[in-house]
Amino acid sequence: MKKIFPIKKLSEVIEIPGDKSISHRAIMLSSLGDTSVEIENFLAGADCLSTIGCMKEMGVEIKTDGDKVFVKGNGLFGLREPENILDAGNSGTTLRLLLGLTAPQKFLATFTGDSSLKKRPMARVIKPLAEMGAAIFGRNDNKNLPITVLKPDKKLRGISYKMPVASAQVKSAIILAALYADSPTTIIEPYPSRNHTEKMLRAFGAKIETVGNEIKVFPAEKLTAPEKIIVPGDISSAAYWLVLATILKNFCVTIKNVGINETRTGILDVLKNMGASIEILNQQESGGELSADLKVTSSKLHGVKFGGEMIPRLIDEIPALAVAAAFADGDTIINDVGELRVKETDRLAAIVAEFNKISPNSFEADENTLIIHGGNKKIFAECKTFADHRMAMSLSIYGAAAEGVAIDDTDCVKISYPNFFETL
Ligand code: S3P
């Protein structure tokens with residue numbers, strides 16, 4: 001158990017690590033160019049290291065030096081058959097995107113992962129890839145890891161695919177496979193999810209058109225990598241400090257260099273609707289991705305209601321937002337959050353079980369909705385993280401803003417934020 005004490009003081013400036021989603025994509029796409037790429041501000045978290053491990057297994061030369069990574073691309077058709085089983089660890093992004101990337105390759109690849117990833121649903125990627133002609137087979141009737149991808153009989157076909165859930169991982173898997181298909185592929189999402197794959201692929205010269213919820217991907221002959229990719233800070237990691245600085249009294253904190261891609265800024269919109277004061281300063285652009293410094297001043301919050309297309313824009317920030325809602329006046333109702341049940345753990349069940357230990361009778365959930373009754377009394381509690389990095393960090397800021405908390409696992413934060421506790 002690690003004990004976190006109530007916070008008395010916040011730094012004026014906070015630095016956050018590089019974006020996890022963009023770090024994964026930077027490694028994968030740089031591997032497919034045919035030049036050397038330097039990746040700056042790379043997130044050296046366990047998930048992104050799983051991606052590096054898998055790409056190395058497929059013959060790509062990758063060197064890491066702190067938050068710098070050097071990738072020597074082997075070309076779009078230069079991956080080689082891995083000798084070993086590809087281990088995605090805890091990382092849904094590694095697994096789902098690489099299923100899409102290996103589906104068209106002329107070799108066999110078998111994937112595994114940790115006990116959490118083995119429980120997560122994979123039919124959502126296997127189904128569209130099989131429709132494109134991929135020979136892809138998973139345990140439990142094609143639903144779970146381990147998964148094997150065989151050399152396809154012939155070139156994959158371009159398809160038109162209507163996604164049942166808004167998922168950037170599924171969308172990106174189809175996009176990567178579509179680069180190798182015999183004709184263009186159209187993907188229709190229920191709501192737009194994060195678009196880092198599309199943006200980065202365009203920066204690599206691929207032709208991808210987006211109109212509303214529809215993405216059209218054209219087959220590619222080669223990808224041309226930039227010399228350098230600068231990864232912006234991760235807004236999902238900034239979320240903990242955005243919430244903490246807002247709910248504590250009399251603070252003003254600037255979080256430096258936060259990625260503010262519009263498909264990721266739902267947390268800013270919702271916190272502002274709740275009454276938070278967040279200023280966006282020093283806006284910059286690199287490789288099609290925007291970043292800025294966020295200046296947050298403590299504010300009194302009130303409950304809000306949201307769902308629908310807002311959810312993919314803040315899916316990973318809901319545990320942190322639930323903490324903000326516990327300090328707000330009135331109820332917060334978050335609809336359409338069923339996807340949280342299939343994250344690293346069932347996050348709806350985890351929030352209800354563990355957050356209620358800190359503010360009894362404050363959190364309720366059904367299959368698809370989370371309700372938070374704000375403003376209740378907070379007490380010290382011993383809580384479980386279920387080895388989920390975002391649960392560990394959300395519980396930590398919850399306790400830090402209240403009467404303290406003890407959590408059973410701190411190691412899991414290395415997935416997305418290795419120095420979270422130093423900063424806390
Ligand atoms: C991610 C997409 C989201 C998100 C995950 C990272 C990505 O997952 O929750 O942390 O990098 O594409 P889904 O695609 O399952 O929504």
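Remember, it's 1-based here, ligands and their atoms both numbered in the order they're listed. Side chains included, hydrogens not; waters and symmetry mates left out as well; all remaining heavy atoms used.
At a 4.0 Å heavy-atom cut-off, the residues surrounding ligand 1 are Lys20, Ser21, Arg25, Thr93, Arg96, Ser167, Ala168, Gln169, Arg194, Ile315, Asp316, Lys343, listed by chain and number.
Judged by distance alone, the side chain of Asp19 and the main-chain N or O of Ile22 form a donor-acceptor pair under 3.5 Å.
Ser172 and Arg25 share a donor-acceptor pair across their side chains, judged by distance under 3.5 Å alone.
Not counting sequence neighbours, Phe42 has no partner by the ring-ring contact (aromatic ring centres under 6.0 Å, His included) test.
For Lys216, the NZ atom is loosely surrounded, since the number of other residues' heavy atoms within 6.0 Å does not exceed 12.
A salt bridge links Lys63 with Glu61: the closest approach of a Lys/Arg side-chain nitrogen to an acidic carboxylate oxygen falls below 4.0 angstrom.
The side-chain tip of Lys207 points at the ring of Phe218 from less than 6.0 angstrom away and within 45° of straight on.
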